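What you are looking at is a predicted structure, and each value in this text was computed from that prediction instead of being measured. Below, chains carry the letters A, B, ... as their sequence lines are ordered, and counting in each starts from 1.
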Number of protein chains: 2
Amino acid sequence: MIAIGEASRQSGVGIETIRYYEREGIVPRPARALNNRRLYSANDVGRLRFLKKCRDLGFPLSDAKALWELSEGSAEDCRSVKELAEAHIASVRSKISELRRLEHALSELTANCDSGNVQCPMLQRLRTMDDI
Amino acid sequence: MIAIGEASRQSGVGIETIRYYEREGIVPRPARALNNRRLYSANDVGRLRFLKKCRDLGFPLSDAKALWELSEGSAEDCRSVKELAEAHIASVRSKISELRRLEHALSELTANCDSGNVQCPMLQRLRTMDDI
DNA sequence: CTTGATCCTGTAGTTGCTACAGGAGTTATA
DNA sequence: TATAACTCCTGTAGCAACTACAGGATCAAG
């Protein structure tokens, strides 16, 4: 059993973040030493690493928690996992295409931006046009 | 001079959002009628529409405010506008490539996900591998 | 004169942290 | 043994950009 600082180092999850996860019920309350300090098992650290990977993949915390619970469940309900993951992939894809639309619009807006303009064409369009 | 509801309709910015912008100093405090209700001019509505377009393009509010102020400035400093816009384009591009990385990782993770697995390969990897 | 729409202020919730403040206990060095 | 430096504790507030009330005032229409 290790202290929170060591658990943070081993999992890559910040100390304040670990305490935040505990407050939010994403991880259960850990054991405590006699001096009231939190104590983490290897399994606890494993869960933190799991959660971190999920967050790095962009899953919301609620999904990350659900995935861990699926992973702890007896049958490892692969279908539920796939559903969560595919919904997430869909949202990632829609974000990508939205950002591409933005990139395109921004590139167009700045295309005519060059020093020496009396009126900035980008501001001009932002002020007046309706097709943005 | 129109009331806040009409300004909201004409600009596409929600009533609560308009009041939020005012609290945050993004827009100045508008005129008030004798009954204390806010009154907006055509110029005020124009500013709200401008801010909305900036937000739709993904600019943070602080940038949106700065762009409006540049647009109100005497010289319309096109270079400053371009700098803001290009920094924003860069951040949009980096978000896109990050999301593409995620999409790739997620697709790989779910590739072997099919009902009938005893152990879910995605959870397996999230629990054990280090290359995610 | 009542109903329903609109407006007002002020506060709290959202997501996922991060950063203190102010205090207590632990470890290493002189 | 004293003291400095570190780690930990609780609790609260801040970030971005809204959104959603609560509880009340005012207004327009029938």
Looking at B:Thr17, does any N or O in its side chain come under 4.0 Å of the phosphate oxygens OP1/OP2 on D:dT19?
yes

Could you pick out which residue, A:Ile15 or B:Leu61, lies toward the 5' side of DNA chain D when each is mapped onto its nearest nucleotide?
A:Ile15

Interatomic distance where CG belongs to A:Leu48 and P belongs to C:dC17 [whole Å]
12 Å

Under-4.0 Å salt bridge between B:Glu98 and B:Arg101
yes

Are any of the side-chain nitrogens in B:Glu24 or B:Lys65 under 4.0 Å away from the carboxylate oxygens of its partner?
no

B:Arg38 CZ to D:dT26 C1', in whole Å, measures 15 Å

Between CZ of B:Arg29 and P of C:dT9 the distance, given in whole Å, is 11 Å

Rounding to a whole Å, what distance do you find between B:Asn35:CG and D:dA28:C1'?
13 Å

In this structure, CD1 of B:Ile2 is separated from OG of B:Ser8 (nearest 0.5 Å) by 9.5 Å

Ranking D:dT7, D:dA17, D:dT19 by distance to the side chain of A:Arg9, first place goes to D:dT7

Measure from CZ on A:Arg23 to P on C:dT18 and round the result to the nearest Å.
12 Å

NZ/NE/NH1/NH2 to OD/OE distance under 4.0 Å, B:Glu103 and A:Arg93:
yes

Atom pair distance, as rounded to whole Å: CG in A:Asp63 and C1' in C:dT15:
13 Å

Please give, in whole Å, the distance from D:dA16 P to B:Tyr20 OH?
8 Å

Side chain of A:Glu16 (C-beta onward), nearest among C:dC7, D:dC8, C:dT18:
C:dT18

From CD1 of A:Ile18 over to P of C:dG16, roughly how many Å is that when rounded to an integer?
17 Å

Is there a donor N/O on one and an acceptor N/O on the other, under 3.5 Å, for the side chain of A:Arg19 and the base of D:dT10?
no

NZ/NE/NH1/NH2 to OD/OE distance under 4.0 Å, A:Arg9 and A:Glu6
yes

Can you check whether any acceptor in the base of D:dC18 is under 3.5 Å from a donor in the side chain of B:Glu24, or vice versa?
no

Taking for each residue the nucleotide of DNA chain D with the nearest heavy atom, is it A:Glu6 or B:Arg37 whose nucleotide lies nearer the 5' end?
A:Glu6

